[in-house]
Amino acid sequence: MPCQIIDGKACAQQVRAKIKLEVDKLKVRGIIPGLAVVLVGNDPASCIYVRNKERGCAEVGMKSEVIRLPESTSEKELLELVDQLNARTDINGVLVQLPLPQHINEEKVILAISPDKDVDGFHPYNVGRLVTGHPSLVSCTPLGCMELIKTTGIDLTGKRAVVVGRSNIVGKPMAALLLQQHATVTVCHSRTKNLAELTKTADVLVAAVGKANFISGDMIKPGAVVIDVGMNRLESGKLAGDIDFAGASQVAGWLTPVPGGVGPMTITMLLYNTLQAAAK
Ligand code: GUN
């Protein structure tokens with residue numbers, strides 16, 4: 001059977017349309033979901049992400065407030081701002097864009113965000129809820145990957161899932177979500193031995209390593225669902241995933257492209273989390 005390309009843009013549009021309907025319902029009750037995004041410094045990639053978050057909010061009728069602070073902002077000043085945002089009733093979600101300048105401790109900032117407003121799903125309370133099987137606010141990229149996997153119609157029960165990458169933002173929560181759907185999950189990383197042997201057993205393969213074309217077609221089980229979280233900028237300026245798309249498309253059953261796969265889902269799930277936080 002030829003490989004089916006999973007259209008992340010189309011999936012994102014469908015989910016956003018549903019979110020907009022829910023936002024409209026809340027508005028009737030006088031509630032406008034509000035997201036605060038804090039950007040410290042001028043990292044070019046972060047500036048683009050933050051602008052896209054603003055646009056996403058506007059698209060579904062949510063309020064967004066972007067607070068841009070200079071690179072020189074102290075940790076204490078940032079923590080005070082987070083406290084203020086935690087206390088505001090018109091703000092349901094608080095997101096501090098990462099990475100932060102070197103002199104600010106990211107972990108302290110994540111801990112300062114109220115778990116109820118932690119729309120990134122990074123707070124240890126929310127991570128703990130996910131791991132113990134009671135997910136509330138879950139990290140956006142893995143949540144988006146699950147939505148893409150859902151579009152294949154495959155029941156994950158008893159399937160073998162392999163996640164390549166063990167970051168707190170993607171790999172670990174991804175593994176927890178797959179486990180929650182009763183898959184048998186293996187997490188691989190830079191020190192894994194015989195990586196290809198493991199990836200070839202995967203009915204569902206998720207790559208989140210940050211290395212262009214790291215997974216070749218011969219590392220993929222025929223017919224597998226392959227989700228590419230990678231966004232690697234090549235010297236040519238082109239964007240490449242962690243999966244060798246040309247090779248993988250000869251083997252996989254389903255495959256996400258880069259761009260146009262996982263990317264459009266991440267901000268969509270941030271909007272979803274903001275809606276959940278507001279609906280509470
Ligand atoms: N920087 C890159 N991705 C993210 C994200 O999902 N959340 C935050 N807060 N910062 C990021």
Side-chain angles (χ1 to χ4, degrees), residues 4-38 48-66 85-86 88-95 97 113-123 126 129-130 133-156 169-170 173-174 176-178 180-181 225 227 229 254 256-257 259-280:
Q4 298 190 51
I5 305 305
I6 301 175
D7 186 342
K9 264 193 196 168
C11 184
Q13 267 168 8
Q14 279 173 15
V15 177
R16 284 186 197 207
K18 279 191 214 157
I19 293 170
K20 187 167 188 313
L21 285 177
E22 294 303 314
V23 171
D24 289 344
K25 278 191 210 163
L26 284 179
K27 280 183 177 168
V28 173
R29 290 166 47 198
I31 301 164
I32 302 173
L35 172 68
V37 179
V38 183
I48 294 170
Y49 289 141
V50 166
R51 211 176 313 131
N52 287 337
K53 286 168 185 173
E54 262 183 306
R55 284 188 190 142
C57 284
E59 196 185 315
V60 298
M62 288 181 184
K63 186 179 103 130
S64 70
E65 187 168 315
V66 177
L85 294 170
N86 283 341
R88 272 175 58 179
T89 52
D90 61 326
I91 293 292
N92 307 103
V94 176
L95 182 149
Q97 187 68 26
I113 296 170
S114 161
D116 290 339
K117 296 191 178 187
D118 169 39
V119 284
D120 261 328
F122 293 170
H123 193 288
N126 286 318
R129 287 198 63 110
L130 171 63
H134 304 94
S136 44
L137 293 170
V138 176
S139 185
C140 304
T141 298
L143 210 51
C145 293
M146 292 305 285
E147 285 296 315
L148 293 174
I149 294 169
K150 243 192 243 170
T151 68
T152 68
I154 287 177
D155 178 6
L156 292 174
I169 293 181
V170 184
M174 188 73 227
L177 285 170
L178 290 162
Q180 177 87 1
Q181 294 303 313
V225 178
I227 306 291
V229 182
W254 287 267
T256 64
V262 174
M265 292 306 293
T266 296
I267 291 181
T268 301
M269 301 323 285
L270 171 66
L271 303 173
Y272 173 82
N273 279 347
T274 307
L275 173 68
Q276 299 308 310
K280 264 192 189 174

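What you see below is based on every heavy atom in this structure, not just the backbone, and it leaves out hydrogens, waters and symmetry mates. Residues: numbered from 1 along the sequence shown.
- Of all the heavy atoms in Gln276 and Leu137, the pair that sits closest is CB-CD2, 4.3 Å.
- Residues Phe122 and Ile113 are not in side-chain contact: their nearest non-hydrogen atoms beyond the backbone lie 4.5 Å or more apart.
- Here CE of Met62 is found 8.5 Å from CG of Asn92. Values are rounded to the nearest 0.5 Å.
- Interatomic distance, OG1 of Thr151 versus CH2 of Trp254, reported as 9.0 Å (0.5 Å rounding).
- When atom types are taken as modelled, the side chain of Lys117 and the backbone of Asn86 share a donor-acceptor pair closer than 3.5 angstrom.
- At a threshold of 4.5 Å between non-hydrogen side-chain atoms, the residues Glu22 and Lys25 count as touching.
- For the pair Gln180 and Met146, the minimum side-chain heavy-atom distance is 4.5 Å or more.
- Remark: Leu148 CG to Leu143 CG distance equals 10.5 Å, nearest 0.5 Å.
- Note that CG of Leu95 and CG of Leu85 are 11.0 Å apart. Values are rounded to the nearest 0.5 Å.
- Ionic pairing of Lys150 and Glu147 is present here: one or more N-O contacts between side-chain nitrogen and carboxylate oxygen are shorter than 4.0 angstrom.
- Looking at heavy atoms from C-beta onward, Ile149 lies in side-chain contact with Leu178 at the 4.5 angstrom threshold.
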For this session: Go through Ile227 and Ile6 one step at a time and tell me if the side-chain contact (heavy atoms from CB on, under 4.5 Å) criterion holds.
Result: CA-CA 9 Å; Ile227 306 291; Ile6 301 175; 4.1 Å; yes

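- Side-chain contact check for Val138 versus Met269: every heavy-atom pair is 4.5 Å or farther apart.
- With a 6.0 Å radius and a threshold of 12 heavy atoms from other residues, nucleotides or ligands, Lys18 has its NZ atom at or below the threshold.
- The closest side-chain donor-acceptor pair between Ser136 and Asn126 falls under 3.5 angstrom.
- The two residues Gly56 and Arg16 make their nearest non-hydrogen contact at CA-NH1, 3.8 Å.
- Under a cut-off of 6.0 angstrom, the local environment of CD1 in Ile32 is sparse, with at most 12 non-hydrogen atoms contributed by other residues, nucleotides or ligands.
- Minimum heavy-atom separation, Pro264 to Gly8: CB-O, 3.9 Å.
- Screening Thr266, Ile267, Ile169, Thr268 for a side-chain contact (heavy atoms from CB on, under 4.5 Å) with Cys140, the sole residue that qualifies is Thr266.
- Note that CD of Glu54 is 13.5 Å distant from CD of Glu59, once rounded to the nearest 0.5 Å.
- Side-chain contact check for Ser64 versus Lys53: every heavy-atom pair is 4.5 Å or farther apart.
- Side-chain contact between Leu275 and Leu26 is present, with heavy atoms from C-beta onward closer than 4.5 Å.
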